Every structure is written in structure tokens, then in C-alpha cells.
Visitor: 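Questions regarding the structure given below will be posed in turn.
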Amino acid sequence: MSKPAGKDDGPANRSARRVLKRSPAEPSPDLEDVLQHGASLRQRRLLRNLRPMLPEILAAGILQCMIYSAFILNASRSDWNNVAIVCSVLFLLPFAVALALLGFRRQRNTFSIAIFVTFVCFNVAVAVLSGLRIPVSYSALLTAYPIATIAMIVANLRLHRSLEDRVALLDFPQAAQVAARLAGHVAVISDKTADIGAYDRLLIDTRTHHNPDWSTFLTKAYMVGVDVTPWFNFLELREGRVDVGAFDVSHLAYTPSQIYYSKAKRALDLIAVIVTAPITIPLGFAVWLYIRALDGGPAIFVQTVGAMAGALSTCSSFGPCIMAGRAERRARTTTGS
């Protein structure tokens, strides 16, 4: 008895019928077909991002091997096969740390992340060597550890400050000036249908590009994995200073840990002032007496300086009084002669 049409017509049966209907000469679809329909092809950037870190990676590996070998020679050990295994691990360790740091390259806490990743990788390496029952010198490893940490901190800083990213800037009225400040290392995109697969980072102007005209283009950038960054934030990362004209307090965002850290730092500053007061107060009084005896004028120079958001702050110091006194005496001498 035949089944009524439409019965037991599940997804598996429909897929089987599509395979039977396909011509034997028809090629099966692959990723190249997807690219022909508008998908973007991303460029490999692992080696390109690793290149700025190579000097510190090699230096850390070589120095660790030298330190470990020096400890072994000093101990008069002759198990060179074990030394070779440990030195190989120490030489490859900075490469492993660097690969792990590449996953955190968009994070701004460069020091903390480098220290944490190096600590974890170093302890894993020591644990593996111990688990394999390979005789190691823990004092040598402890001496080599700071070398690896310092080298990877510097390498992480170089990674964040490198211009290895392929950067594009969306067109806006000041795009030419921004591109000039980046020494011409960016391409200015004005076509909303341009292919962005060749770029790693896309710089935008928040006032110009957060609108319906650019929304489709920015959505595509987010979907293909391109980092979308405001141009002034990128300049701050590269130049190490804030663009005052584009800065706004609303751009700042703090975590609770940062707030707790600022309070702890303020408490530490107050404690340091109280602890060092028996030294700084007599020293300051001695400097005041010396300036009064040398110059005869005011010993403390007070000036008003600009602070954040146009506020004014009063600053007091000893040094400028000496120069002011000397200039005044020089003027009196010139007038008298």
C-alpha cells in the first residue's frame, strides 16, 4: 500500500532528492563559490603581527638558555641530554607566550597581561618538565623567569605600538589631516561598497559615520571581523597622547577594580607622606633657609597652572625663586651701573 504524498517527507529525504536531481557534471559548492557571491577574503596576519616581537622573543630564549647552562656548569653536572631538553623548552617558551599574547592584542592592559601570560606559561612548562621526571635546576629557572617576564612585557608593548595592521580610514571632512598624522599608512575609503577584507582595522569618525548611510558598511565590517575604531582612539594608542579637540569625558569608562586601585593608591600616597614627614619637613626647612640666605627674597614660588576641563590649580616650588632672584639682582646691577 503506497503512502500518501507528503507523508514522511523529512529533511533527510528532501536532501537525498536534491543530491539525485543534481547533474553528475555539476560541481559541488565550496567556499570559492561563496567568495564569488560577495564574501570577503581575510589576509593571514599571524606572522605579520609576530614580527615586531621577534627581537625580544629571541633575546629571552637565548638569555634563558645561557643562564640555565651557567647554573648547570657551576654545579658540575654532566647530564647534558637533560640540559638540552630544558634549554629547548626555555627557548621555545617565549614563542608560546607571544602566540598567547596575540590573542590579547586588543586589550590595553599590556603590562598586566604580559606578566600574567608569562607566569602561566612558565609554570606550565616547569610542571611538564617535572611531570616527565626530567632533572631541573629550580634555582636556575627562578633566575631565568624575570628575564622572560621583562622581555615579554617589552615585546607586548612593541606589539601594541606597531603599525603592522592594515588600516583604512572612512572618508570624512578631516580625513586628509588624520591620514597625514598617521604618516600615510592608511587608505581613505569613500566608496560604501568597497571590499574591506584586505584590512585589519577600520577607522571611523563617530559624528560622521554613525548614521543610516554608513550603517550597512559598518555592519559588514563587524561581521567579517574588522576592528572598527574611532580615529582619535587609534591616534591615542599610536602617539601616546589624547587628541584634545576630539576628547570627551563620556569616552572614559572605569571598572570597579580601577576605582578601588585609585583609592588604594591615594591611601598609599598619604601613608608615604606621613612616614617620610620626619625627613621631608626638616629638609624643606633647610632649603627654605638656604634660599632666604642666598637671595633674601621669597623662598617659595607660587604659580597658577591649567588643569583638566579648564580648571586652575596652584603649584608651589622652591626652584624658580632662585632663578627669579638672580634675574632681579642682575637687573638691579645693570640699572645701578
Side-chain angles (χ1 to χ4, degrees), residues 11 14-15 18 22 26-52 101-110 113 159-255:
R14 289 196 297 268
S15 177
R18 282 197 297 268
R22 183 180 299 143
E26 181 182 351
S28 59
D30 55 15
L31 292 181
E32 292 184 356
D33 296 330
V34 180
L35 291 175
Q36 293 176 1
H37 285 80
S40 300
L41 180 64
R42 298 299 307 276
Q43 302 293 327
R44 285 193 289 263
R45 54 181 178 176
L46 176 63
L47 295 179
R48 189 173 73 250
N49 292 333
L50 196 63
R51 192 181 303 123
L101 289 176
L102 288 178
F104 298 96
R105 67 185 311 268
R106 301 307 178 196
Q107 301 295 325
R108 295 189 179 184
N109 302 323
T110 53
I113 292 176
L159 172 66
H160 282 74
R161 293 178 180 177
S162 66
L163 291 176
E164 292 296 320
D165 278 352
R166 292 190 175 94
V167 181
L169 174 65
L170 294 189
D171 192 20
F172 70 103
Q174 289 79 34
Q177 292 86 334
V178 174
R181 292 178 62 179
L182 292 170
H185 291 290
V186 297
V188 179
I189 297 179
S190 56
D191 185 7
K192 298 180 179 64
T193 61
D195 183 18
I196 56 177
Y199 302 105
D200 302 317
R201 188 186 292 266
L202 191 64
L203 305 183
I204 65 171
D205 181 70
T206 54
R207 298 177 182 176
T208 304
H209 301 121
H210 281 169
N211 57 49
D213 294 336
W214 288 94
S215 61
T216 303
F217 188 85
L218 293 179
T219 301
K220 179 181 177 181
Y222 288 121
M223 295 298 294
V224 301
V226 176
D227 293 317
V228 179
T229 308
W231 63 265
F232 48 84
N233 189 17
F234 184 77
L235 279 176
E236 179 182 349
L237 293 175
R238 290 295 179 262
E239 298 180 351
R241 56 186 179 184
V242 177
D243 187 278
V244 179
F247 175 76
D248 190 87
V249 178
S250 61
H251 298 162
L252 301 177
Y254 297 106
T255 61

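Values below: every heavy atom of this structure, side chains too, minus hydrogens, waters and symmetry copies. Note that the structure is a prediction, hence the values are computed from the model and not measured.
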Visitor: Look up atom CZ in Phe217 and atom CG in Asp191, then write down how far apart they are to the nearest 0.5 Å.
Guide: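 Atom-to-atom, Phe217:CZ and Asp191:CG are 8.0 Å apart.
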
Visitor: What's the spacing between Lys192 NZ and Leu170 CG if we round to 0.5 Å?
Guide: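 Rounded to the nearest 0.5 Å, the NZ-CG separation comes out at 9.5 Å.
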
Visitor: Hey, are the side chains of Phe172 and Val178 touching, using non-hydrogen atoms and a 4.5 Å cut-off?
Guide: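 They are in side-chain contact.
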
Visitor: What's the spacing between Ser215 OG and His209 NE2 if we round to 0.5 Å?
Guide: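 One finds 12.5 Å between OG of Ser215 and NE2 of His209.
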
Visitor: Taking the side chain as C-beta and beyond, is there a heavy-atom pair between Leu202 and Leu218 under 4.5 Å?
Guide: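 Touching, per the 4.5 Å side-chain cut-off.
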
Visitor: What's the spacing between Ile189 CD1 and Leu203 CG if we round to 0.5 Å?
Guide: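 That separation rounds to 9.5 Å.
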
Visitor: How long is the straight-line distance from NZ of Lys220 back to OG1 of Thr193, given to the nearest 0.5 Å?
Guide: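 With rounding to 0.5 Å, OG1 (Thr193) is 8.0 Å from NZ (Lys220).
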
Visitor: Roughly how far, to the nearest 0.5 Å, is CG of Asp205 from CZ of Phe232?
Guide: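 So the gap between those two atoms works out to 7.5 Å.
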
Visitor: Does any part of the side chain of Asp171, heavy atoms only, come nearer than 4.5 Å to the side chain of Thr208, both counted from C-beta?
Guide: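 A side-chain contact under 4.5 Å is absent here.
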
